[in-house]
Amino acid sequence: MTVTTRFAPSPTGYLHIGGARTALFSYLYAKRHNGTYLLRIEDTDRERSTDEAVQAIFDGLKWLGIESDVNPPVFQTQRYDRYREVIAQMLAAGTAYHCYASKAELDEMRAAQMARKEKPRYDGRWRPEAGKVLPPPPEGVAPVVRFRNPSAGVVVVDDIIKGAISFDNSELDDLIIARGDGNPTYNFCVVVDDWDMGVTHVVRGDDHVNNTPRQINILKALGATPPVYGHVPMILGADGVKLSKRHGAVSVIEYRALGFMPEALLNYLVRLGWSYGDQELFTRDEMIKLFDLERVQKAPARFDMEKAIWVNHQFLKSADPAIVAPEFDWHLRRVGVDPANGPAVVPVIEAQRERCKTLVEMAEKSKFFYAELDGYNDKDAAKHLGADSALLLDELRAALANLGDWTTLTLHETVNGFAEAKGLGLGKIAQPIRVAIAGMAITPPIDVTLFLLGRERTLARLQAAVAYSAAKVGGG
RNA sequence: GCUCCUAUCGUCUAGAGGCCUAGGACGGAGCCCUCUCAAGGCUUAAACCCGGGUUCGAAUCCCGGUAGGAGCGCCA
């Protein structure tokens with residue numbers, strides 16, 4: 001049997017980081033076993049589901065590169081006929097029954113149970129039982145349909161991550177599978193869908209473990225073989241509290257804005273709750289080859305932004321710059337610069353990636369290649385642009401203006417030779433140059449920077465810096 | 001309250017009864033290198049929740065406690 005997994009988000013908001021990891025695990029497991037990975041949109045809550053959220057989930061998954069093997073994905077709202085059909089079957093078979101208890105009645109029942117310190121649950125008042133006489137259905141009440149859960153025995157969930165978990169059927173009440181309006185509910189749709197779609201492994205958040213025994217019971221009532229379950233623990237914020245807005249970035253797409261490469265985020269996520277010995281860095285192929293649900297951690301993990309950024313940096317440093325280019329391009333535009341108005345993006349990435357942990361940082365530090373300076377950094381100018389540097393920069397400008405070939409090699413020789421001739425350490429001249437051409441004292445090696453910036457811009461900026469320094473000195 | 005789950009450095013983790021004087025990584029501290037910022041190299045501090053068992057031997061197995069978490073909807 002071929003392995004089939006699915007990721008089944010409900011479109012009530014953006015794709016959050018925990019969901020992304022669940023999707024990743026699900027995807028990886030399927031790929032690892034040459035299986036199929038599916039996306040299913042659980043939109044049975046008509047009130048809260050929105051088209052924008054559906055789109056946000058698609059966008060997030062697409063950016064991460066976790067794409068469904070079957071398109072378009074299944075939307076539960078398109079399967080209502082099928083759900084109704086199964087419900088009718090269950091009603092006929094006696095594995096489900098109508099319940100006429102009103103919401104108010106149920107609320108009252110739960111309140112009373114809580115008051116008695118009991119676990120709140122449906123008391124089975126409309127459950128047919130041998131020898132039991134049910135009251136006549138009240139007038140004008142649209143009944144819900146409840147699953148007739150076995151009242152005795154135990155259900156064992158053989159969880160691939162958590163191990164065997166057993167539940168007493170006596171602890172499980174008869175859950176509603178169809179609402180008063182006839183629409184099916186989540187726990188029921190999941191079961192039917194996983195069954196129809198041939199899902200062999202259900203990978204989902206561990207907030208679902210308590211639903212699992214009931215789902216298994218429904219599957220059994222339907223004569224289906226339950227899938228293998230794997231419940232992955234949740235991701236916590238750095239403070240150990242459930243991830244939320246106040247932790248900053250929760251939505252996957254926010255990580256793009258923060259300057260992460262999708263592959264790097266995936267790499268961080270896969271190592272959060274899963275490990276392969278001491279290995280920290282994985283390519284996508286390695287993840288697929290090595291991933292294993294059995295090695296997923298049972299306890300929740302905290303999201304550590306520092307480490308995520310480190311992983312991103314490692315990726316930036318070692319990746320093929322051509323892969324980084326489109327994202328970098330996107331970030332350059334985002335900081336208000338036109339990538340066409342300067343050097344090719346690939347060599348800039350190569351020059352910058354050692355010193356930039358995120359693409360936001362890289363874009364900020366590379367702006368000067370693509371747009372005119374909007375002034376100098378105050379501190380750097382104060383420190384490096386003065387009377388003496390004005391003289392040096394002016395002389396250097398003249399030397400560079402006469403340079404034949406504008407290459408990193410000739411630039412290196414010229415600048416180093418210049419410093420040597422002046423009896424200065426390279427630092428004494430490199431820093432003023434940096435501030436002059438980049439507006440700040442942080443750039444890649446000076447030869448590479450000058451080369452990428454080009455002759456025209458370099459000479460113009462040196463001249464401007466000389467004028468600036470002179471004016472500053474002149475003005476006292 | 002009830003049911004279920006979890007527990008190794010600050011964080012992510014290795015650890016399948018002796019290989020543990022508990023390893024790696026991020027972050028921290030220090031040193032080296034250096035044209036800036038970085039990167040890199042080296043060194044270093046830092047953990048088995050507690051208590052009982054089982055065993056010649058327990059971070060590893062069992063029980064209890066404690067602490068955290070999840071669920072208990074005509075939400076998903």
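Side chains are part of it too, since the values below use all heavy atoms of this structure and drop only hydrogens, waters and symmetry mates. Throughout, protein chains are lettered first and strands after them, A, B, ... in sequence-line order, and every chain is numbered starting at 1.
- Checking A:R46 against A:I165, the closest nucleotide of RNA chain B that is more toward the 5' end is the one next to A:I165.
- Within 4.0 Å (heavy atoms only), A:E42 reaches sugar-phosphate atoms of the nucleic acid but no base atom.
- On a pure distance criterion of 3.5 Å, a polar donor-acceptor pair joins the side chain of A:D278 and the base of B:G23.
- A gap of 9 Å separates the C1' atoms of B:A22 and B:A47, to the nearest Å.
- Between A:Y29 and A:Y37, a ring centre-to-centre spacing not shorter than 6.0 Å is recorded.
- Rounded to whole Å, the distance from CD on A:E280 to C1' on B:U11 is 12 Å.
- Using a 4.0 Å heavy-atom distance criterion, A:A441 is classed as a base contact.
- In this structure, A:K162 does not reach the B:C4 phosphate: none of its side-chain N or O atoms is under 4.0 Å from OP1 or OP2.
- At a threshold of 4.0 angstrom between heavy atoms, the contacts of A:D43 with the nucleic acid are absent.
- Taking the C1' atoms as reference points, B:C48 lies 14 Å from B:U21, given to the whole Å.
- If you check every strand for non-hydrogen atoms under 4.0 Å, A:P213 touches nothing.
- The side chain of A:T44 contributes an N or O atom lying less than 4.0 Å from OP1 or OP2 of B:A76.
- For the pair A:R295 and B:G15, the criterion of a side-chain N or O lying under 4.0 Å from OP1 or OP2 is met.
- Spacing between atom CE of A:M109 and atom C1' of B:C72 amounts to 12 Å, rounded to whole angstrom units.
- Between the CG atom of A:D123 and the P atom of B:C72 there is a distance of 18 Å, rounded to whole Å.
- Among the atoms of the strands shown, only primed sugar atoms or phosphate atoms (P, OP1, OP2) are found under 4.0 Å from some heavy atom of A:K117.
- B:A25 atom C1' lies 13 Å from atom CG of A:L272, rounded to whole Å.
- A:A101 comes within 4.0 angstrom of a nucleotide base, judged by non-hydrogen atoms across all strands.
- Aromatic rings of A:F368 and A:Y376 (six-membered ring for Trp) have centroids beyond the 6.0 Å cut-off, not under it.
- A:N187 comes within 4.0 angstrom of a nucleotide base, judged by non-hydrogen atoms across all strands.
- Looking at heavy-atom distances under 4.0 Å, A:T12 makes no contact with the nucleic acid at all.
- In this structure, A:F282 has its ring center under 6.0 Å from that of A:W274.
- Residue A:K103 has no polar side-chain atom (N or O) positioned under 4.0 Å from OP1 or OP2 of B:C74.
- Considering A:F260, A:F303, A:W310 as possible partners of A:Y268, the one that fulfils the ring-ring contact (aromatic ring centres under 6.0 Å, His included) test is A:F303.
- Minimum heavy-atom separation, A:D43 to A:S49: CA-OG, 3.5 Å.
- Backbone-only contact: A:R302 has heavy atoms under 4.0 Å from sugar-phosphate atoms and none from a base.
- For B:A25, the paired nucleotide is B:U11, the pair qualifying as Watson-Crick or G-U wobble because both relevant distances are below 3.5 Å.
- The distance between atom CG of A:D304 and atom P of B:U11, rounded to the nearest whole Å, is 10 Å.
- When the options A:R204, A:K298, A:K162, A:H208 are evaluated for a side-chain hydrogen bond (donor to acceptor under 3.5 Å, both in side chains) with A:H231, the one that passes is A:R204.
- Phosphate contact (OP1/OP2 of B:C74, side-chain N/O of A:R110, threshold under 4.0 Å): present.
- As judged by a 4.0 angstrom heavy-atom cut-off over every strand, A:G273 is placed among residues touching the sugar-phosphate backbone only.
- Contact of A:R434 with B:C35 (side chain to base): a donor-acceptor pair of N or O atoms is detected under 3.5 Å.
- Straight-line distance from the CZ atom of A:F282 to the P atom of B:U13: 12 Å, rounded to whole Å.
- Residue contacts shown for A:P233 are absent, as no nucleic acid heavy atom lies under 4.0 Å away.
- An OP1 or OP2 oxygen of B:G40 is reached within less than 4.0 angstrom by a side-chain nitrogen or oxygen of A:K317.
- Computed from coordinates, the A:H16 NE2 to B:A76 P distance equals 16 Å when rounded to whole Å.
- When rounded to the nearest whole Å, the span between CD of A:E171 and P of B:C5 equals 12 Å.
- Considering all non-hydrogen atoms of both residues, A:R214 and A:L172 come closest at CG-CG, 3.9 Å.
- Residue A:Q297 has a polar side-chain atom (N or O) positioned under 4.0 Å from OP1 or OP2 of B:A14.
- Look at A:S275 and you'll find a side-chain N or O under 4.0 angstrom from OP1 or OP2 of B:A14.
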